[in-house]
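Down below is the structure, laid out as structure tokens.
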Amino acid sequence: VHPLRSPTARFLLFLFTRTDCPISNRYAPEVRRLVERFEPLGVEFFLVYPDAYQSATTIREHLASFEYTCPALRDPRHDLVRLAGATVTPEAALFGREGTLLYRGRIDDRFTDFGKARLHADSRDLEAALVAVTTNKPVPAPRTPAVGCFISDLSAENQESTDL
């Protein structure tokens, strides 16, 4: 699958997630809301699972448990992680049809640090980026710091497995 070659999408949004990341899981309702609002405007959403140890069955169960409607991609070799520059889950990467990275960062500022959250977000950065691109305007803040569960380094995983 090469998701950047979508014939119908105006924009592609990759949301990096893990089944075991509590911060990612808390954003499920917000992700569903954004999909519902922006998919009709030409934004194709993909949940990206970068953990090589999460099976397709586990991912399908996660999608069902959190009622996600967008498709999921496994990224065990971190091809999409490298393309987007993602480092944590949840982290969003918004690409134009031609493959230009338009936004990378947090969904919003509800989480200020791992384990520290506000009741409500003050800044909905991903939504602002989606509004901007779907109305042909520049993204107000193309990069924002995401807070979440670290995406493990693939080379470190490979090193660990050869050391056993």
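Numbering starts at 1 and runs along the sequence shown.
- Residues in residues 61-153 take part in these disulfide (SG to SG under 2.5 Å) pairs, two or more places apart or across chains: Cys21-Cys149.
- Side chains of Tyr49 and Thr89: a donor-acceptor N/O pair is absent below 3.5 angstrom, by distance only.
- For Phe46 and Phe95, the distance between ring centers is not under 6.0 angstrom.
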Stepwise side chain to side chain contact (heavy atoms under 4.5 Å, CB included) check, Asp108 with Arg118 | CA-CA 11 Å; Asp108 60 33; Arg118 296 179 171 111; over 6 Å; no

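- A 4.5 Å side-chain heavy-atom check between Phe14 and Leu73 finds at least one atom pair inside the cut-off.
- In terms of the salt bridge (Lys or Arg N to Asp or Glu O under 4.0 Å) criterion, residue partners of Asp125 (sequence neighbours excluded) are, by chain and number, Arg106.
- A distance-only check finds no donor-acceptor pair linking the side chain of Asp75 to the backbone of Val48 [under 3.5 Å].
- Residues passing the salt bridge (Lys or Arg N to Asp or Glu O under 4.0 Å) test with Arg33, sequence neighbours excluded: Glu30, Glu127.
- How far OG1 of Thr8 is from CZ of Arg97: 7.0 Å, rounded to the nearest 0.5 Å.
- Annotation for Pro90 and Ile107: closest pair CB-CD1, 4.1 Å, computed over non-hydrogen atoms.
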Given side chain to side chain contact (heavy atoms under 4.5 Å, CB included), test Arg104 with Glu91 step by step and report yes or no.
-> CA-CA 7 Å; Arg104 183 184 64 232; Glu91 188 167 9; 3.5 Å; yes

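- Just one residue in the list Asp20, Thr57, Asn25 forms a side-chain hydrogen bond (donor to acceptor under 3.5 Å, both in side chains) with His62, and that residue is Asn25.
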